[in-house]
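First listed ligand is number 1; within each ligand, the first listed atom is number 1.
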Amino acid sequence: MTEPRPASRKLHIKTSGCQMNVYDSGRIADLLAPLGFAVSDTAADADLVILNTCHVREKAAEKLYSDVGRLRPLKAAKRDGGGRMLVAVAGCVAQAEGAEIRARAPEVDIVLGPQTYHRLPEMVAQAARQKGLVLDTDFPAEAKFDFLPPTDTAPGVSAFLSIQEGCDKFCTFCVVPYTRGAEYSRPPASIISEARRLVQLGARELTLLGQNVNAYRCDGWGLGRLIGALATIPSLARIRYTTSHPREVDDELIAAHRDIDTLMPFLHLPVQSGSDRVLEAMNRRHTADDYRRIVDRLRRARPDLALSSDFIAGFPGESDADFEATMKLVRDVTFAQAFSFKYSVRPGTPAAAMARQVPDTVKAARLAVLQELLSAQQRAFNRASIGRELAVLFEKSGRHAGQLVGRSPYLQAVHADAPDAMIGAVATVRVTALGANSLAGEVVP
Ligand code: SAH
Ligand code: SF4
Ligand code: F3S
């Protein structure tokens with residue numbers, strides 16, 4: 001590895017998309033630190049700007065081009081001052097659109113896919129030497145994780161840890177299998193050592209990440225066993241994982257929810273639709289009743305388990321009756337929170353070519369109805385917390401002086417008056433009031 005240099009260059013990273021991109025951006029910063037790059041909150045005067053992008057819906061992908069537009073004057077100002085601002089596009093838009101990005105955004109110097117971050121130092125050196133585009137969107141045989149240096153930036157109270165990447169599911173609406181490649185699970189030993197390091201650096205909660213995190217399989221280990229091993233790390237107070245696929249919920253994982261106290265009783269389990277016809281057209285490979293059964297088993301194992309999910313409104317061919325089946329599933333299961341989206345046509349995916357695309361007005365109307373029900377369920381869930389005592393892991397200062405904010409086991413944000421010394425501690429908080437997006441309460445001495 002290169003000898004550490006004093007920080008002399010400014011690096012700005014803008015991250016969009018899922019938590020995996022957030023994790024990757026952190027690792028990119030770790031990777032570039034020995035080359036003298038120090039992270040800056042603003043792009044102005046930066047020597048290197050990295051846009052870590054998302055391609056999952058059209059709006060997310062278009063954001064890249066408006067972001068690059070905003071960099072144009074900053075890049076010119078840097079040049080006028082005798083310097084050079086390199087602009088790199090990383091992440092899923094880079095993977096999906098490759099060299100086309102250069103045609104639409106000539107300011108871009110480097111395009112690199114999510115699997116080639118470890119090659120970034122070489123690419124930066126190359127881009128500094130030459131004028132044309134430096135592009136690397138391979139799916140290399142080596143795993144990037146093996147080449148990224150161990151982190152030494154303080155991760156904060158709650159840290160992400162990628163354990164699995166890629167997707168072999170090929171849901172017909174989704175770009176992820178094309179942008180992130182095949183499912184790959186990191187070896188348990190390397191995950192456990194990274195987890196220990198994060199805890200040593202101050203993390204009290206780890207969220208294990210993967211596009212299909214519960215498809216984790218390596219050397220005979222599944223996710224349940226891995227969680228069991230991580231739960232033995234002293235001072236690790238909480239473990240979470242996301243995102244899961246219903247098909248991959250196995251007995252071992254359900255047992256982990258029953259047996260492991262540090263595994264939090266909150267699960268993000270996307271279902272997408274409640275109609276079997278639509279689920280089949282989506283290639284989800286589960287029915288609505290399969291989903292209900294999985295939830296029942298999980299709730300038997302862990303009765304207070306709170307659920308979150310993803311929904312798509314207006315998938316091609318979705319009828320009023322199909323949509324009603326989704327509403328019924330939501331009413332049957334009840335969610336503590338959820339994400340819902342209008343179906344967005346993604347070029348190159350099978351659903352983009354399906355007949356009977358749903359008009360935008362219908363998609364919008366269905367989404368509004370669905371979101372109303374989901375928000376009512378979320379409000380009801382939060383309201384039911386009033387008067388209860390919840391274990392809150394304090395993460396940082398709150399909006400007002402003397403106040404901290406943390407999370408309940410069910411991922412609700414909770415504000416309470418407490419000294420800064422309690423950041424990183426789990427305290428019992430009696431919930432007294434409901435805010436717009438959070439709860440407020442008092443620490444129980
Ligand atoms: N791996 C995860 C989620 C990946 S993308 C999973 O399998 O659930 C996150 C969410 O974006 C998906 O769950 C889905 O609800 C939504 N999404 C993906 N492609 C979409 C599209 N073309 N249009 C609208 N929403 C989409
Ligand atoms: Fe996309 Fe489906 Fe894979 Fe999730 S499981 S990443 S929705 S293809
Ligand atoms: Fe977006 Fe790529 Fe994540 S498409 S959701 S950043 S895997």
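Shortest contact from atom 1 (Fe) of ligand 3 to any protein heavy atom: Cys54 SG, 2.3 Å. Here the heavy atom of the protein found nearest to atom 7 (S) of ligand 3 is Gln211 NE2, 3.0 Å. Nearest protein heavy-atom neighbour of atom 8 (O) of ligand 1: Pro270 CG, 3.0 Å. Of all protein heavy atoms, the one closest to atom 2 (Fe) of ligand 3 is Cys92 SG, 2.2 Å. Residue, atom and distance of the protein heavy atom nearest to atom 4 (C) of ligand 1 are Val176 CG2, 4.5 Å. For atom 4 (S) of ligand 3, the nearest protein heavy atom (residue, atom name, distance) is His55 N, 3.2 Å. For atom 15 (O) of ligand 1, the closest non-hydrogen atom of the protein is Gln272 OE1, 2.6 Å. The protein atom (non-hydrogen) at minimum distance from atom 3 (Fe) of ligand 2 is Cys167 SG, 2.2 Å. Given atom 1 (Fe) of ligand 2, the protein heavy atom at minimum distance is Cys174 SG, 2.3 Å. Nearest protein neighbour of atom 4 (Fe) of ligand 2, counting heavy atoms only, is Arg284 NH1, 4.4 Å. Protein heavy atom at the shortest distance from atom 6 (S) of ligand 3 is Asn21 ND2, 3.3 Å. Distance from atom 23 (N) of ligand 1 to its nearest protein heavy atom, with residue and atom name: Ser344 N, 2.9 Å.
Taking 2.8 Å as the threshold, Cys171 does not count as a candidate ligand of atom 3 (Fe) of ligand 2, since none of its N, O or S atoms lies below it.
When each atom of ligand 2 is checked for a heavy atom of His245 under 4.0 Å away, the hits are 5 (S). Close approach to Val56 involves these atoms of ligand 1, each under 4.0 Å from a residue heavy atom: 5 (S), 18 (C), 19 (N), 20 (C), 21 (C), 22 (N). Short contacts between ligand 2 and Pro177, defined as distances under 4.0 Å to a heavy atom of the residue, involve ligand atoms 8 (S). Residue contact check: Phe170 has heavy atoms under 4.0 Å from atoms 8 (S) of ligand 2. Atoms of ligand 1 found under 4.0 Å from any heavy atom of Lys342 (numbered from 1 in listed order, with element): 23 (N), 24 (C). Heavy-atom contacts of Lys169 reach the following atoms of ligand 2: 3 (Fe), 5 (S) (cutoff under 4.0 Å). The contact set between ligand 1 and Gln211, taken as ligand atoms under 4.0 Å from a residue heavy atom, comprises 1 (N), 2 (C). For ligand 1, the atoms closer than 4.0 angstrom to any heavy atom of Arg284 are 7 (O). Listed by number with element, the atoms of ligand 2 under 4.0 angstrom from any heavy atom of Val176 are 6 (S).
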For the pair Arg366 and Glu318, evaluate salt bridge (charged side-chain N to carboxylate O under 4.0 Å, His left out) and give the outcome as yes or no after the intermediate values. CA-CA 10 Å; Arg366 286 182 188 160; Glu318 184 188 75; 2.9 Å; yes
Show your reasoning for whether salt bridge (charged side-chain N to carboxylate O under 4.0 Å, His left out) applies to Arg217 and Asp168. CA-CA 13 Å; Arg217 256 162 219 76; Asp168 296 341; over 6 Å; no
Given the rule in the side chain to side chain contact (heavy atoms under 4.5 Å, CB included) test, do Gln377 and Leu307 qualify, once you have shown the distances and angles that lead to the verdict? CA-CA 11 Å; Gln377 291 192 346; Leu307 282 165; over 6 Å; no
How far apart are the C-alpha atoms of Arg104 and Val68, what are their side-chain angles, what is the distance that settles it, and do they pass the side chain to side chain contact (heavy atoms under 4.5 Å, CB included) test? CA-CA 10 Å; Arg104 276 188 70 181; Val68 175; over 6 Å; no
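Between Gln412 and Ser385, the side chains place a donor N or O and an acceptor N or O closer than 3.5 Å (distance only, hydrogens not considered). When only modelled atom types and interatomic distance are considered, Ser340 and Gln371 share a side-chain donor-acceptor pair under 3.5 Å.
Not a single heavy atom of Met282 sits less than 4.0 Å from an atom of ligand 1. At a 4.0 Å cut-off, not a single heavy atom of Met20 sits close enough to ligand 3 to count as contact.
Enclosure of atom CD in Glu122 is not indicated, since only 12 or fewer non-hydrogen atoms of other residues, nucleotides or ligands lie within 6.0 angstrom. Within 6.0 Å of CD on Glu62 lie more than 12 heavy atoms contributed by other residues, nucleotides or ligands.
Relative to atom 6 (C) of ligand 1, the option among Thr243, Leu269, Thr349 with the closest non-hydrogen atom is Thr243. Of all the listed residues (Ala90, Pro114, Cys18), Cys18 holds the heavy atom that lies closest to atom 3 (Fe) of ligand 3.
At under 3.5 Å, a nitrogen or oxygen of Asp310, whether backbone or side chain, sits near a nitrogen or oxygen of ligand 1. Between Arg57 and ligand 1, an N or O atom pair is found at a separation short of 3.5 Å. Considering backbone and side-chain atoms alike, Arg346 places every N or O at 3.5 Å or more from each N or O of ligand 1. Residue His245 places no N or O, backbone or side chain, under 3.5 Å from any N or O of ligand 1. Of the N or O atoms in Ser244, none lie within a sub-3.5 Å distance of an N or O in ligand 1. An N or O contact shorter than 3.5 Å links Phe173 to ligand 1 by distance.
Taking the six-membered ring where the residue is Trp, the centroids of Phe311 and Phe335 are separated by under 6.0 Å.
In this structure, Cys167 and Val176 approach most closely via the heavy-atom pair CB-CG1, 4.3 Å. Minimum heavy-atom separation, Arg285 to Arg247: O-CD, 2.6 Å. Looking at every heavy atom in both residues, Lys75 comes nearest to Glu107 through NZ-O, 2.7 Å. The minimum heavy-atom distance between Pro34 and Asp30, with the atom names listed, is CD-O, 3.2 Å. Heavy atoms only, all atoms of each residue included: Asp47 and Arg9 are closest at OD2-CA, 3.4 Å.
Put simply, the residue from Asp296, Asp290, Asp289 that forms a salt bridge (charged side-chain N to carboxylate O under 4.0 Å, His left out) with Arg293 is Asp290.
Within the cation-pi definition used here (under 6.0 Å to the ring centroid, within 45° of the axis), Arg27 does not qualify as a partner of Tyr117.
Between Tyr178 and Phe170, the two ring planes are perpendicular [angle over 60°; tilted spans 30° to 60°]. A tilted orientation is assigned to the rings of His286 and Tyr291, their planes being inclined by 30° to 60°.
Contact annotation for Phe173 and ligand 2: only side-chain heavy atoms (C-beta onward) come within less than 4.0 Å of the ligand. With a heavy-atom cut-off of 4.0 Å, Pro270 does not touch ligand 2 at all.
Between the side chain of Asp136 and the backbone N or O of Gly113, no donor-acceptor pair lies under 3.5 Å.
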